[in-house]
Participant: 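Let me give you the structure first, and then I'll get to my questions.
Keep in mind that this is a model prediction, so the values were computed, not measured. Computation of the quantities below employed the complete heavy-atom set of this structure, encompassing side-chain atoms and omitting hydrogens, waters and symmetry-equivalent molecules.
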Amino acid sequence: MESWTVSIVWDEYEPVVSSPTGQLETLPRVEARRLFEQCMESVPARLEALRRLLAANGVELTSSDASIRELNEWFITHVEAHPDLPGRLHPSWESICHDVALFLGEAMIERHSNLRWEFFIWGRTNVAYQRHVIMGFGTEDPKRHTNLDIDRSVTAYAHRIVESGGSVSTSGSVCIRGTEIDVDLIAAQHRMRDIDPDAFLRWLRSAARRA
């Protein structure tokens, strides 16, 4: 068992064995679809694991706005950086991000029956290619295949939190058309933005407007 933060009661939480989101765009379609189906089949088990984890830490997980706000507060307080790789998440928190994303996606679907999980296959250059995303937004042209990659949103949010706490990766500089660009300086400017404490509810409300 890996080392855990002492501030959390883990209650036998088992991280997802393999991430269904890593490098999916490079996989053969058959393999990527198999991982999508595996991800969807795991939803009940992953949500139960998340509920048990939250319950052990005094948070009741429901789809109410109050509970989602409490989940968001807990997430901000406890998300943990990788101990050896600055700017990366602790492997167990990569799993929690995945579980939280499944929970938020299911909450969106519960509130709007036209929404659904979809295996995204429209355009190899699309950042959502072969990932599990939310689709079915009634206010948008279905021919555009608009979607919400909630897993990517939660993970990016977690990275911003750990970076705001000082765990920052460095990339150095790059030369573009003879001009030296300080990548780290540009990234630091983005990190200056405040962490939105109501991000989870904001995403649900955005989905509601689009639904």
Participant: With a 4.5 Å heavy-atom cut-off, do I8 and L53 have their side chains touching?
Facilitator: yes

Participant: Okay, side chain of S67, backbone of S64: is any donor-acceptor separation there less than 3.5 Å?
Facilitator: no

Participant: For the CD atom of E14 and the OG atom of S92, what is their distance to the nearest 0.5 Å?
Facilitator: 9.5 Å

Participant: Hey, is E31 close enough to R33 for a salt bridge, meaning N to O under 4.0 Å?
Facilitator: no

Participant: Determine whether a donor-acceptor pair (N or O, by modelled atom type, separation under 3.5 Å) exists between the side chain of H112 and the backbone of N114.
Facilitator: no

Participant: Just how far is it from atom CZ of R52 to atom CG of D11, taken to the nearest 0.5 Å?
Facilitator: 4.5 Å

Participant: Nearest heavy-atom pair of Y129 and I121: which atoms, and what distance?
Facilitator: CE1-O, 3.8 Å

Participant: Quick one, D196 and R202 - any side-chain contact, counting heavy atoms below 4.5 Å?
Facilitator: yes

Participant: Please determine whether side-chain contact (heavy atoms from CB on, under 4.5 Å) holds for the pair L54 and F103, giving the CA-CA distance in whole Å, both sets of side-chain angles, and the decisive distance to 0.1 Å.
Facilitator: CA-CA 12 Å; L54 270 292; F103 168 76; over 6 Å; no

Participant: Under the criterion salt bridge (charged side-chain N to carboxylate O under 4.0 Å, His left out), I'd like the reasoning laid out for E118 against R116: C-alpha separation, chi angles, the key distance, then a yes or no.
Facilitator: CA-CA 6 Å; E118 189 69 72; R116 65 186 184 278; 2.9 Å; yes

Participant: Has S153 got a side-chain atom pairing as donor or acceptor with D149's backbone, closer than 3.5 angstrom?
Facilitator: yes

Participant: What closest approach, in Å, do W122 and F119 show between heavy atoms, and which atom pair accounts for it?
Facilitator: CZ3-O, 3.9 Å

Participant: Are W93 and L85 connected in a single hydrophobic cluster, I mean Ile/Leu/Val/Met/Phe/Trp/Tyr linked by side-chain heavy atoms less than 4.5 Å apart?
Facilitator: no

Participant: Could you walk me through whether L204 and L104 pass the side-chain contact (heavy atoms from CB on, under 4.5 Å) check?
Facilitator: CA-CA 8 Å; L204 263 70; L104 293 175; 3.8 Å; yes

Participant: So, for F36 and F120, is the gap between ring centers shorter than 6.0 Å?
Facilitator: no

Participant: Could you tell me the separation between the CZ atom of R131 and the CG atom of L24, rounded to the nearest 0.5 Å?
Facilitator: 6.5 Å

Participant: Under the 3.5 angstrom rule, does the side chain of N57 hit a backbone N or O of V9 as a donor-acceptor pair?
Facilitator: yes

Participant: For the atom pair NE2 (H90) and CZ (R88), what is the distance rounded to the nearest 0.5 Å?
Facilitator: 12.0 Å

Participant: Is it true that R124 and E25 have a side-chain N and a carboxylate O under 4.0 angstrom from each other?
Facilitator: no

Participant: Under a 4.5 Å cut-off applied to non-hydrogen side-chain atoms, are V79 and V162 in contact?
Facilitator: yes

Participant: Measure across D84 and P86 and return the closest heavy-atom pair with its distance rounded to 0.1 Å.
Facilitator: O-CD, 3.5 Å

Participant: What's the spacing between R152 CZ and C97 SG if we round to 0.5 Å?
Facilitator: 13.0 Å

Participant: Please identify which of these residues, I150, L71, D65, meets the side-chain contact (heavy atoms from CB on, under 4.5 Å) condition with F200.
Facilitator: L71

Participant: Would you say the ring centroid of H132 lies under 6.0 angstrom from that of H98?
Facilitator: yes

Participant: Find out whether D99 and L47 are in side-chain contact, i.e. whether some heavy atom of one side chain is under 4.5 Å from a heavy atom of the other.
Facilitator: no

Participant: Given 3.5 Å as the limit, does a donor-acceptor pair link the side chain of Q130 with the main chain of L27, or not?
Facilitator: yes

Participant: Can you list the steps and then say if R210 with L148 is a side-chain contact (heavy atoms from CB on, under 4.5 Å)?
Facilitator: CA-CA 10 Å; R210 297 171 63 185; L148 174 58; 4.2 Å; yes

Participant: Locate the shortest heavy-atom distance separating S63 from I68; write the atom from each residue and the value.
Facilitator: O-CD1, 3.7 Å

Participant: Return the orientation label for the W203 and Y157 ring planes: parallel under 30°, perpendicular over 60°, tilted otherwise.
Facilitator: perpendicular

Participant: So, Y13 versus S95: side-chain donor-acceptor pair below 3.5 Å or not?
Facilitator: yes

Participant: Closer than 3.5 angstrom, by distance alone: can the side chain of T155 be matched with the main-chain N or O of D151 as a donor-acceptor pair?
Facilitator: yes

Participant: If every non-hydrogen atom of H82 is compared with every non-hydrogen atom of P91, which pair is closest and at what distance?
Facilitator: CD2-CD, 3.7 Å

Participant: Flag the pair W74 / T77 as yes when at least one side-chain heavy-atom distance between them is below 4.5 Å, and no otherwise.
Facilitator: no

Participant: Just verifying a value: how many Å separate T62 OG1 and E60 CD, rounded to the nearest 0.5 Å?
Facilitator: 6.0 Å

Participant: Give a yes or no answer on whether the side chain of R51 reaches the backbone of R46 with a donor-acceptor pair at less than 3.5 Å.
Facilitator: no

Participant: Thinking salt bridges, do D198 and R205 make one under a 4.0 Å N-O criterion?
Facilitator: no

Participant: One pair to check against side-chain contact (heavy atoms from CB on, under 4.5 Å): M135 and T146. What are the steps and the verdict?
Facilitator: CA-CA 7 Å; M135 296 185 70; T146 54; over 6 Å; no

Participant: For the residue pair E106 and W117, establish whether any side-chain heavy-atom pair is separated by less than 4.5 Å.
Facilitator: yes

Participant: Is the closest side-chain heavy-atom distance between N72 and L201 below 4.5 Å?
Facilitator: no

Participant: Closest approach of F137 and A211, non-hydrogen atoms and distance?
Facilitator: CD2-N, 3.9 Å

